[in-house]
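These notes concern the structure reproduced below.
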Amino acid sequence: MVKGILNLLMLQRPTVRTFFKFGKAKGDTGKYVPIVVPGKVSPERSVPEDINKPPYYFKDMPPGNTLGKPEIKNADQIEAMRHSGKLAAQVLRECGKLAKVGTTTDEIDAFAHERIIAASAYPSPLRYAGFPKSICTSINNVACHGIPDDRRLANGDIINIDVTVYLNGCHGDCSETFLVGDVDEQGRFLVEATKSCLDQCISLCGPGVEFNKIGQFIDRYSAERGLESVAVFIGHGIGSYFHGPPEIYHYHNEARGKMQPGMTFTIEPILSLGGSEVEVLEDGWTAVCLDGARSAQFEHTILVTETGTEILTRA
């Protein structure tokens with residue numbers, strides 16, 4: 001089985017860019033402690049028998065296929081996704097309050113796991129393509145897919161917490177980057193700029209809008225601010241499946257396809273103070289910026305409506 005979503009994305013990546021290459025950081029990228037090796041990961045947390053689980057809980061399965069025609073959700077599916085999205089957003093907000101100096105990411109994962117199952121939902125990342133934990137926690141130079149472990153958060157860290165829940169047969173997916181203690185000016189700028197980038201991407205969306213407008217905007221936006229989009233990671237369709245079509249590229253592209261009412265997908269730009277190139281650590285998941293620079297990410301699941309969009313992952 002392919003280990004790690006990144007490996008699958010490498011097989012599917014567009015040819016317009018070389019995503020994996022050695023690069024150099026853009027001068028002074030601030031004060032922080034980079035992640036070099038993963039910490040110690042605790043055993044898998046249990047899920048009660050009465051919780052409705054996705055198919056990949058019961059058997060090894062590869063990541064979902066993001067190629068093909070996007071699904072148009074019906075009213076019942078949309079309502080189910082409103083509930084899963086709201087729960088994911090609530091759990092994410094509560095996890096953010098735990099992002100304090102001295103807290104381990106494993107402790108945040110434990111809280112999220114118990115909070116999700118208490119709501120009769122399933123933590124979507126658990127066992128997805130072999131992922132061992134219930135949320136993703138990505139610190140400083142970790143672009144995404146960080147595995148919660150025994151590392152304690154330090155003053156000045158930035159941490160992305162990515163929460164996805166499976167409730168009533170549908171997934172809801174969102175993430176946010178939080179400041180830990182006293183973060184330096186560059187770090188605060190990066191986090192604020194990335195949040196604004198996502199907000200403006202969502203404002204572009206609506207029926208009849210080409211998907212490629214998202215990536216084209218991110219390309220301009222990041223260049224104007226001296227940032228780089230970590231382009232190998234994409235947004236995706238979502239519903240009863242964790243990952244499906246359409247693919248949402250976070251870089252300039254000419255991919256065809258237009259948004260239609262009833263489509264649901266994520267937008268999840270990762271912006272870096274340095275270069276856009278990443279490598280995956282030995283755990284097969286943790287993707288770090290090759291030049292050691294910090295990155296930030298924000299994500300929402302959105303629904304295309306007849307008149308615009310609805311953010312489904314809003315608490």
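Just the heavy atoms: all of them, side chains too, but no hydrogens, waters or symmetry mates, feed the values below.
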- Compare all side-chain heavy atoms of V163 with those of S175 and state whether any distance is below 4.5 angstrom. no

- Between H145 and F233, is the gap from one ring center to the other below 6.0 Å? yes

- Return each pair, listed once, that meets ring-ring contact (aromatic ring centres under 6.0 Å, His included) where at least one residue sits in residues 61-108; pairs must be two or more places apart or across chains. none

- At what distance, to the nearest 0.5 angstrom, does CZ of R314 lie from NE2 of H300? 6.0 Å

- Rounded to the nearest 0.5 Å, what's the gap from CZ on R220 to CD1 on I218? Could you check? 10.5 Å

- Task: Please determine if E185 and R188 form a salt bridge, counting it only when a charged side-chain N lies under 4.0 Å from a carboxylate O.
- Result: no

- Query: Okay, side chain of T301, backbone of D173: is any donor-acceptor separation there less than 3.5 Å?
  - Reply: yes

- Query: Is there a donor-acceptor pair under 3.5 Å between the side chain of Q77 and the backbone N or O of N74?
  - Reply: yes

- Message: Is it the case that the side chain of T105 and the backbone of T137 share a donor-acceptor pair, with hydrogens and angles ignored and the cut-off at 3.5 Å?
- Response: no

- List for me each residue that meets ring-ring contact (aromatic ring centres under 6.0 Å, His included) alongside F242, sequence neighbours excluded, and say none if there are none. Y128, H171

- Item | Single-linkage hydrophobic cluster, 4.5 Å side-chain cutoff, M263 and L204 together | yes

Between side-chain atoms of residues 190-198 and protein atoms elsewhere (two or more places apart, or another chain), which donor-acceptor pairs fall under 3.5 Å?
from : atom 1 : to   : atom 2 : distance (Å)
T194 : OG1    : L190 : O      : 2.7
K195 : NZ     : D199 : OD2    : 3.1
S196 : OG     : Q200 : NE2    : 3.0

- Query: Do Y221 and Q216 have side chains that get closer than 4.5 Å, going by heavy atoms?
  - Reply: no

- Message: Pairing donors with acceptors under 3.5 angstrom, does anything connect the side chains of E71 and Y241?
- Response: yes

- Message: For residues F298 and F189: do they belong to one hydrophobic cluster (side chain heavy atoms under 4.5 Å, members Ile, Leu, Val, Met, Phe, Trp, Tyr)?
- Response: yes

- Taking the side chain from T177 and the backbone from A296, do they hold a donor-acceptor pair closer than 3.5 Å? no

- Message: If I take atom CZ from residue F211 and atom CD1 from residue I248, how far apart are they, to the nearest 0.5 angstrom?
- Response: 5.0 Å

- Task: Please answer whether the main-chain N or O of V33 pairs with a side-chain N or O of N140 as donor and acceptor at a distance below 3.5 Å.
- Result: yes

- Query: Taking N160 for the side chain and Q297 for the main chain, is one N or O donor matched with an acceptor at less than 3.5 Å?
  - Reply: yes

- Item | Flag side-chain contact, heavy atom, 4.5 Å: I202 against I267 | yes

- Item | Passing option when S272 is tested against L227, V230, L290 for side chain to side chain contact (heavy atoms under 4.5 Å, CB included) | V230

- Side-chain contact, heavy-atom cut-off 4.5 Å: P132 with I147? yes

- Query: Given the rule that I, L, V, M, F, W and Y join up when any side-chain heavy atoms are under 4.5 Å apart, are I51 and V91 in one cluster?
  - Reply: no

- Item | C144 side chain reached by I270 side chain, heavy atoms, under 4.5 Å | yes

- Message: Rounded at 0.5 Å granularity, tell me how far OG1 in T313 sits from CZ in R82.
- Response: 13.0 Å

- Nearest 0.5 Å please: distance from the OG atom of S295 over to the CG atom of L271. 9.0 Å

- Close side-chain approach of Y251 to N253, heavy-atom, < 4.5 Å: yes

- Query: Does A80 offer a backbone N or O that forms a donor-acceptor pair with the side chain of N168 under 3.5 Å?
  - Reply: no

- Ignoring hydrogens and angles, tell me if any N or O in the side chain of K53 forms a donor-acceptor pair with the backbone of P48 under 3.5 Å. yes

- Is it possible for you to say whether I302 and I72 belong to one hydrophobic cluster, with membership spreading through side-chain heavy-atom contacts below 4.5 Å? yes

- Query: Between atom OG of S46 and atom CD1 of I117, what is the distance when rounded to the nearest 0.5 Å?
  - Reply: 6.5 Å

- Taking only residues two or more places apart in sequence or in another chain, which ones pass ring-ring contact (aromatic ring centres under 6.0 Å, His included) with H236? H243

- Query: Taking it one step at a time, do D157 and R294 satisfy salt bridge (Lys or Arg N to Asp or Glu O under 4.0 Å)?
  - Reply: CA-CA 10 Å; D157 282 344; R294 283 175 293 180; over 6 Å; no

- Let me see the working for C205 and I214 under side chain to side chain contact (heavy atoms under 4.5 Å, CB included), right down to the final yes or no. CA-CA 8 Å; C205 297; I214 295 171; 3.9 Å; yes

- Message: Can a side-chain donor-acceptor contact be found between E247 and T66 if the only test is distance below 3.5 angstrom?
- Response: yes

- Does any N or O in the side chain of N141 come within less than 3.5 Å of the main-chain N or O of I35, such that one atom is a donor and the other an acceptor? yes

- Message: Between Y56 and S124 (side chain of the first, backbone of the second, donor and acceptor by atom type, cut-off under 3.5 Å), is there such a pair?
- Response: yes

- Would you say the side chain of K31 lies within less than 4.5 Å of the side chain of Q186, judging by non-hydrogen atoms? no

- Query: How would you list all residue pairs meeting ring-ring contact (aromatic ring centres under 6.0 Å, His included) that involve residues 95-124, not counting sequence neighbours?
  - Reply: Y57-Y122

- Message: According to a hydrophobic-cluster definition based on side-chain heavy atoms being under 4.5 Å apart (Ile, Leu, Val, Met, Phe, Trp, Tyr only), do L92 and L312 belong together?
- Response: no

- Message: Can you tell me if K100 has over 12 outside heavy atoms packed within less than 6.0 Å of its NZ?
- Response: no

- SB check R45 D106 (cutoff 4.0 Å): yes

- Item | For S138, all residues meeting side-chain hydrogen bond (donor to acceptor under 3.5 Å, both in side chains), sequence neighbours excluded | none

- Query: Side chains of M81 and T264: closer than 4.5 Å at any heavy-atom pair?
  - Reply: yes

- Task: Start with the C-alpha distance between V183 and Y32, add both sets of side-chain angles, then the distance that settles side chain to side chain contact (heavy atoms under 4.5 Å, CB included), and finish with yes or no.
- Result: CA-CA 8 Å; V183 176; Y32 59 98; over 6 Å; no

- Trace of the salt bridge (Lys or Arg N to Asp or Glu O under 4.0 Å) decision for K133 with E44: CA-CA 7 Å; K133 286 295 172 183; E44 179 182 289; over 6 Å; no

